[in-house]
Structure formats: C-alpha cells, structure tokens
Amino acid sequence: MFDERVDSVTLPGKIGELTILPGHAMLVSELVAGKMYYKKPDKDGNVVTTSRAIGPGFVEVQKDNVVILTTSLQDL
C-alpha cells in the first residue's frame, strides 16, 4: 500500500504515458507494467522525483485523489 501527497504522478498507460497534475479531469484508465514516477517536495522545498516499478492494473483520477489498483508495486 502506498499513500502519500504528491505534486504529480506519471503512469504507464495502455496507449502511452499518463501524467496527472492537480486539477486533472476525472478519468479511469488501464495501466501496463512499467515505471511510475511521482514528484513531491523534500523537507528543504526541493522537488524530488521518485520512481517505482508497477504492474498492470487501473488508475482512477478523482477530484483530489488518484487511486491506483495494480498487481505489484516495488521500489527501484
């Protein structure tokens, strides 16, 4: 399980990369296995990009929330 506040997330969608930023339209999309990237500020205010390996699944973008359902999520 992964639950964090981030500035953006980029996911491997079935027809290409999908980057979700604040204010993104609501959607549901299929994901393929690949790399997920997310950006958030560190304690000093510098933006840090973190990547994780993600399995196939789905993403649902809601008003202020992104839900990712996947078969696996691993640190790289």
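What's counted below: heavy atoms across the whole structure, side chains too, no hydrogens, waters or symmetry copies. Just so you know, residue 1 is the first one in the sequence shown, and it goes up from there. The shown structure was predicted, so the numbers you read here are calculated from the model rather than taken from an experiment.
A heavy-atom distance below 4.5 Å is not found between the side chains of L69 and E60. Side-chain contact between V67 and V59 is absent, with no heavy atoms from C-beta onward closer than 4.5 Å. Under the 4.5 Å side-chain criterion, counting only non-hydrogen atoms from C-beta, I54 is in contact with P12. For the pair P56/V32, no side-chain contact is recorded, criterion being any heavy-atom separation below 4.5 Å from C-beta on. Using a 4.5 Å heavy-atom threshold, the side chains of T70 and L31 count as separate.
Taking 4.0 Å as the cut-off between side-chain N and carboxylate O, D7 and K39 do not count as a salt-bridged pair.
A distance of 14.5 Å separates NZ of K35 from CZ of R52, quoted to the nearest 0.5 Å. Residue H24 holds its NE2 atom at 13.5 Å from CG of D64, rounded to the nearest 0.5 Å. We find the OG-CZ distance between S29 and F58 to be 9.0 Å, quoted to the nearest 0.5 Å. Atoms NZ and CE, on K63 and M26 in that order, are 9.5 Å from each other to the nearest 0.5 Å.
When each of V9, I68, I20 is checked for a side-chain contact (heavy atoms from CB on, under 4.5 Å) with V61, only I20 meets the rule.
At a threshold of 4.5 Å between side-chain heavy atoms, the hydrophobic network of Ile, Leu, Val, Met, Phe, Trp and Tyr places M36 and V48 in two separate groups. There is a path of hydrophobic side-chain contacts, each under 4.5 Å, that joins V66 to L73. Follow the hydrophobic side-chain contacts under 4.5 Å out from Y37 and you never reach L18; the two are in separate clusters.
Under a cut-off of 6.0 angstrom, the local environment of CG in L21 is crowded, with over 12 non-hydrogen atoms contributed by other residues, nucleotides or ligands.
The closest donor-acceptor contact from the side chain of D44 to the backbone of N46 lies at 3.5 Å or more, if one exists at all.
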